[in-house]
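A quick write-up on the structure given underneath.
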Amino acid sequence: MAIVIFALFVGLVLFLSFYLARRTKSSSGYFAAGGNIHWSVNGISFAGDYLSAASFLGICGMISTVGYDGFLYSIGYLAGWIVALFVVAESLKQRGKYTFADALDSSFNSKGIQFAAALSTLVVSICYLIPQMVGAGALVTPLFGLPHWAGVIMVGTVVIIIVATAGMTSTTYVQFLKGGLLIIFSAILVACVCIRGLSTTPDRVAPNTDRLPFYEYKKLAATESNGTLIPADASYSVSGTYAGGKIVKLRKDGQDILFSKLAENGALVLRETQWKSEKAGGALWVNGAPASEENKLRPVGHLERIQGKTGAEVTTGSLSPFKLLAILGDKDTTAVRWKKLTFADGEDTVTAYCQTPTPGNEVLRPGLKFKVEGTGMDRLNFVSLMLALFCGTAALPHILIRYYTVPSPACARKSTIVAIAAIGFFYILTLFMGLGAMTSGVLNLESNNMSAPLLANSFGTFLFAVISAIAFATILGTVSGLIVAASGAVAHDIMDKLFDLKLTDHQKVFAGKATAIIVGVIAIVLGILFKGMNVSFLVGWAFAVAASANLPAIVMLLFWKKTTAKGITASILVGMSVALGIILASPSMYERYGLAAADALVSLDNPGIISIPASFVTLVIVSLLTQNPKAKTA
Amino acid sequence: MLHEPADQSGKACASAYKTRLGVRMFLLYGAVYVGFVAINVIKPVLMETIVVFGLNLAVVYGFGLIVAALVQALVYNHLCAAKEKELNGSCGQGETD
């Protein structure tokens, strides 16, 4: 049934694409939907375009593992629309025709601006495309049991068909459909979470497997004497310690079990872990036995204590949304999160997933992922992230291009308001979905990107299939919008204006469609190569690059009369280079390279606090140095 | 919903007013946003304070930022629309809705 629902969705999207393709005749129609989409439709399309895999899958996934820190992304993403509405929307509409590069160049006719803006659009679009394709691969695996690359190719192929046949028009309606359904079904999912309430012993639920009762993880008291660990239960003996003593192997009845060692309320406690062992010969073992369809890592996520009450079968019954949050944020409520530790056991590489009991008051405030109480660099990273999120929305090329799909600045304003309402409502829902997944026995220890669909699965296969199909459509919509933006940059900005090829309308449309196919193929390849990478992290790249490259140029052009063409060009190139350079030299990327994070050239994971000001300063300095009172051509 | 060539927007009479209003509202929201970031950096434990309905400051402030964005957007639209209507006649080429 899941596959049928999924196929119906994709079929509907393709039908819309081909049906509306007949209405697209000119390059204006291809690139900017003829400028006559109604503002209410465009507003929901904004939401559909904006609510990408990162929003739905990544944020919910992050909240399900680190609580409120994931919600910071929701807040930052939404706040960015304020910049878009109050600073950019209407002024931009007055200036351009098809793309934001047009807007920047409207006063200058500068080859430098055309090149820099087009390059920035391409780079940001590709940065944003990667997590969408990775999300597609993550979706397909539990739904169809297909490998990651298959999901990536499916999305890429469908999107290329949509974009190459109909351009902006059908992507607008695809995103309208997707945006509306995403919000409706997310609200339904949240309602289900509230109606079910909370429990200390939720069933274990995973796709394509039977629902299993809650697994009671072993918990042993222990003491330490002269460096020797002594479990209180004498039937256990210590057979090994790892990871600096954090992991203990206990043996009972000939069976080895890994425990994590924790200090709780002043006493030593050993908590059973789950673990994967990659044997020297290549075999994979899970929880002490060979991995198989019947022996996999168990789904996790539960509350150990609810407002001071512990034990089996503690439930709350149905709750109002505020009551749900109040209980989860209570210091006497304890959520069991899971942390990963990797170490060597002889020739085997072991990954242990350790229970981490966390009181509710810590779950529902920043600090579990972004160490706001840590070092100065930790706090700078947090500030840098919030700055990039705030500044990034208004600078995303696939969002900016939507300002041209309505006939007037007033409509652009209203579109943005509709988008803010829809997106804001959805982001409030993400907090409930993420926390619901955290406490419902559905989490996959190896990847949190699927937390929201897996939560839906706990309410039945139908809801899981619908949510997965919507998530797939989410990715379709965002990817198609990005590819249209990228194809506009190449066909319109580079070929037509920069190289002055004087293309006819028909030739521009053809060039746009050819570019869409090429960019689509690149997106497929990158989506396969970046398998397993955190979706939200990759979108953070795109936001940081967009905020650094595009926003200073847009803002200064609108508000500072001394802005020159060379200043804009330099600003875009410097902002983009600094942002990308910091990202590629960051601790997170060093870990991706297989190197030690401590050896990273730059300690910042988020470049915004440096790259955004650098871009502004570059624009000011270069503009002042290149003032030309007679003409403003480059 | 026909798909004709993109409209070229005409002269926007209220442009200067809307720009000034937009900047002021952006600064107001920006101040509230900076306040949120500042509390988290300077005294994050304050975010655990229970404010209303059993909800802590983190949740209330976070929801508040989202709701405030919408409220400000609606106020902005109302004021801009009113100014556009007022200046429509004197400008001669008003913006269509």
Side-chain angles (χ1 to χ4, degrees), chain A residues 23-26 28-29 32-38 41 68 71 74-75 78-79 81-83 85-87 90-91 93-94 97-98 169 322-323 325-327 329-331 361 364-367 372-373 379 382-383 386 390 404 407-411 413-414 416-417 420-421 424 427-428 431 558, chain B residues 1-12 14-15 18-19 21-30 32-34 36-38 40-42 44-48 50 52-59 61-63 65-70 72-74 76-77 80-81 84 94-97:
Chain A
R23 295 184 180 274
T24 306
K25 290 187 171 51
S26 66
S28 71
N36 270 321
I37 302 269
H38 192 269
V41 173
Y68 192 89
F71 190 57
S74 295
I75 295 169
L78 192 279
W81 282 93
I82 289 295
V83 180
L85 175 64
F86 292 153
V87 179
E90 292 199 40
S91 303
K93 173 64 181 172
Q94 291 287 342
K97 187 177 178 183
Y98 295 133
T169 306
F322 281 172
K323 187 65 180 171
L325 291 180
I327 290 174
D330 192 320
K331 60 178 171 52
N361 58 313
L364 269 186
R365 70 138 167 119
V372 290
E373 290 168 300
R379 296 174 199 225
F382 170 75
V383 173
M386 298 306 287
F390 190 54
Y404 307 115
S408 71
C411 291
R413 192 173 66 231
K414 290 176 184 177
T416 309
I417 291 169
I420 288 173
Y427 278 147
I428 288 175
L431 184 60
L558 296 175
Chain B
M1 294 180 193
L2 297 178
H3 304 294
E4 294 152 2
D7 279 347
Q8 292 299 315
S9 295
K11 182 184 171 187
S15 182
K18 288 187 287 186
T19 300
L21 178 64
V23 169
R24 285 173 190 158
M25 298 195 84
F26 161 73
L27 290 173
L28 174 62
Y29 189 89
V32 179
Y33 187 81
V34 167
F36 176 79
V37 175
N40 281 301
V41 170
I42 297 168
V45 71
L46 210 58
M47 286 292 179
E48 294 182 19
I50 302 299
V52 67
F53 301 130
L55 302 176
N56 64 14
L57 182 60
V59 171
Y61 209 140
F63 282 6
L65 279 168
I66 291 173
V67 172
L70 178 61
Q72 273 201 283
L74 290 167
Y76 176 73
N77 182 58
C80 288
E84 284 164 0
E95 293 166 353
T96 56
D97 282 357

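A, B, ... follow the sequence lines: proteins, then strands. Residue 1 opens every chain.
Ring geometry, B:Phe63 versus A:Phe71: the interplanar angle exceeds 60°, so the pair is classed perpendicular (tilted spans 30 to 60°).
Of the listed residues B:Val67, B:Val37, B:Ile50, B:Val34, the one with more heavy-atom pairs under 4.5 angstrom with chain A than any other is B:Val37. Contact count against chain A (heavy-atom pairs under 4.5 Å) is highest for B:Pro44 among B:Pro44, B:Ala38, B:Gly30. Your options are B:Asn56, B:Val52, B:Leu74, B:Leu65, and the one with the most heavy-atom pairs under 4.5 Å with chain A is B:Asn56. Per-residue heavy-atom pair counts under 4.5 Å with chain B were compared for A:Ile327, A:Val383, A:Ile75, and the maximum is reached by A:Ile75.
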request  = Take A:Met386 and B:Tyr33, measure what side chain to side chain contact (heavy atoms under 4.5 Å, CB included) needs, and give me the verdict at the end.
outcome  = CA-CA 9 Å; A:Met386 298 306 287; B:Tyr33 187 81; 3.3 Å; yes
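Scanning both residues, B:Leu70 and A:Ile417, for their nearest heavy atoms gives CD1-O, 4.1 Å. Residue B:Ala69 comes nearest to A:Leu78 through the heavy atom pair CB-CD1, 3.6 Å, listed as atom of the first residue, atom of the second, then distance. Contact detail for B:Val59 and A:Tyr68: the closest heavy-atom pair is N-CE1, 4.0 Å.
To the nearest 0.5 Å, atoms CD1 (A:Ile420) and CD (B:Gln72) are separated by 9.5 Å. The CG atom of B:Leu21 sits 7.5 Å away from the CZ atom of A:Phe86 when rounded to the nearest 0.5 Å. Annotation: the span from A:Leu364 atom CG to B:Leu57 atom CG amounts to 12.0 Å, rounded to 0.5 Å. Here the CZ-NZ distance, from B:Phe53 to A:Lys323, works out to 12.5 Å after rounding to the nearest 0.5 Å. The CD1 atom of B:Ile42 sits 13.0 Å away from atom CD of A:Glu373, with the distance rounded to the nearest 0.5 Å.
No side-chain heavy atom of A:Leu85 sits less than 4.5 Å from a side-chain heavy atom of B:Phe26. Using a 4.5 Å heavy-atom threshold, the side chains of A:Ile428 and B:Ile66 count as touching.
A donor-acceptor pair under 3.5 Å is absent between the side-chain atoms of B:Asn40 and the main chain of A:Pro366, judged by distance alone. Checking side-chain atoms of A:Arg365 against main-chain N and O of B:Ala58 turns up no donor-acceptor pair under 3.5 Å.
Proximity to chain A (any heavy atom under 4.5 Å) is shown, for B:Asn77, by both the backbone and the side chain.
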